[in-house]
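Here the structure is laid out as structure tokens; the discussion comes afterwards.
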Amino acid sequence: MTNPVQDFHEEEEDDQGEVYLDEADIIGEVDVDDEDLPDADDEIIDEPDDSMHIFTGHTGELYTVVCSPTDPTLVATGGGDDRGFLWKIGQGDWAFELQGHKDSVSSLAFSTDGQLLASGSLDGIIQIWDITSGNLKCTLEGPGGGIEWVRWHPRGHLVLAGTEDSMAWMWNADKGSYLNSFSGHGSSVSCGDFTPDGKTICTGSADATLRIWNPKSGENIHVVQGHPYHTAGLTCLAISSDSTLAVTGCEDGSIHVVNIVTGKVVSSLPSHSDSVECIELAPSSPWAAIGGMDNKLIIWDLQHSLARSTCDHEDGVTCLTWLGGSRYLATGCGDGKVRLWDSLSVSTDGTARVFGIAEYK
């Protein structure tokens, strides 16, 4: 009598070579999109979360985050869920919602004295909040397009904003009154600010121009355009502490330094290979930190137009800041990581995370 189990094992031992299959062996077919297949190189790495506080009030991507200049625990965040919040680091049970916006909260800024907060939205509205009482102080209207950015005068409660309707606007936040508008750009006003002395306004636009204005009269003092300036839309700018120079970045990766007094291009830095997303000048040295979508942070010596160092990232560098008056700076990257490392990060997972830095503890 044969043993079926023994016969199976003998068959298996005799068939140690190749196994051949033909169409008769197919039992079914399933169409699979290549995009659904995992990449062999893709690895899911469960990295530790080093944050010391997570704020989870938002239900969508975060677009903007600012810390109070007078209270290091007070933070404001805004996002694509049409919501803004005030919250405090280490106080998970305390949060105040900036209610009333009807579109994404795209920009936030504390006044220099920390008393007021401006929240700007793609609904074209800016709301001013009293920090002490938590009340809505006033609503600033006028723009016909979404708010791109909001800035405060360095020594007063004047609010400046750039908008999608090709204009910049200025209001008195104490009175809630319109003061001036700055018309001349041919496209969205993508970046801008008061000079540190408060005497001049600089605005950059998707129309590839930088305009320099008199805040009081609204007069356009200089228009910087054409060779040797940018040939594509401006994305960001920073102004030197002595109010004499503006460093501007462009979507084509170019960087130029402009004399604000004369309106002349004084130098051009070797270009990034992709859009420049952020610029910030060091508070105590002639250095500029510039980040771009080419995955690089480059520290420039503006006096000699030379790159001091290049820091590679896994993805585009979307934001950066110098850490106080130190030589350290933090960068936010498209890969969701904050490097070298700031106390606050913004991400697309709907959370804001706070990190501790040993040197500042």
_With no hydrogens and no angle check, just 3.5 Å: does a side-chain donor-acceptor pair link Trp300 and Ser305?_
no

*Starting from the C-alpha separation in whole Å, work towards a yes-or-no answer on salt bridge (Lys or Arg N to Asp or Glu O under 4.0 Å) for Asp82 and Lys102.*
CA-CA 6 Å; Asp82 305 349; Lys102 297 178 176 60; over 6 Å; no

*side-chain hydrogen bond (donor to acceptor under 3.5 Å, both in side chains) evaluation trace for Trp87 with Thr77*: CA-CA 8 Å; Trp87 49 277; Thr77 51; 3.2 Å; yes

*Could you tell me whether the side chains of Ser254 and His230 share a donor-acceptor contact shorter than 3.5 Å?*
yes

*asked:* Is there a side-chain contact between Trp152 and Leu158 in this structure, where contact means two heavy atoms from C-beta onward sitting under 4.5 Å apart?
replied: no

*Step by step, work out the side-chain hydrogen bond (donor to acceptor under 3.5 Å, both in side chains) result for Asp294 and His272.*
CA-CA 7 Å; Asp294 57 359; His272 284 253; 3.0 Å; yes

*Would you say the ring centroid of Phe85 lies under 6.0 angstrom from that of Phe96?*
no

*Does a donor on one side chain sit under 3.5 Å from an acceptor on the other, for Glu277 and Ser275?*
yes

*Judged by modelled atom types alone, do Ser119 and Trp129 share a side-chain donor-acceptor pair under 3.5 Å?*
yes

*Do the ring centers of Phe182 and Trp213 come within less than 6.0 Å of each other?*
yes

*Please report the shortest heavy-atom distance between Arg151 and Phe194, naming the atom on each side.*
O-CE1, 4.2 Å

_Residue pair Asp113 / Thr70, side-chain heavy-atom distance below 4.5 Å_ = no

*Report yes or no: do Asn295 and His313 form a side-chain donor-acceptor pair below 3.5 Å?*
no

_Within the 3.5 Å criterion, strictly below it, is a donor on Ser268 or His256 matched to an acceptor on the partner's side chain?_
yes

*Does a donor on one side chain sit under 3.5 Å from an acceptor on the other, for Ser188 and Glu148?*
yes

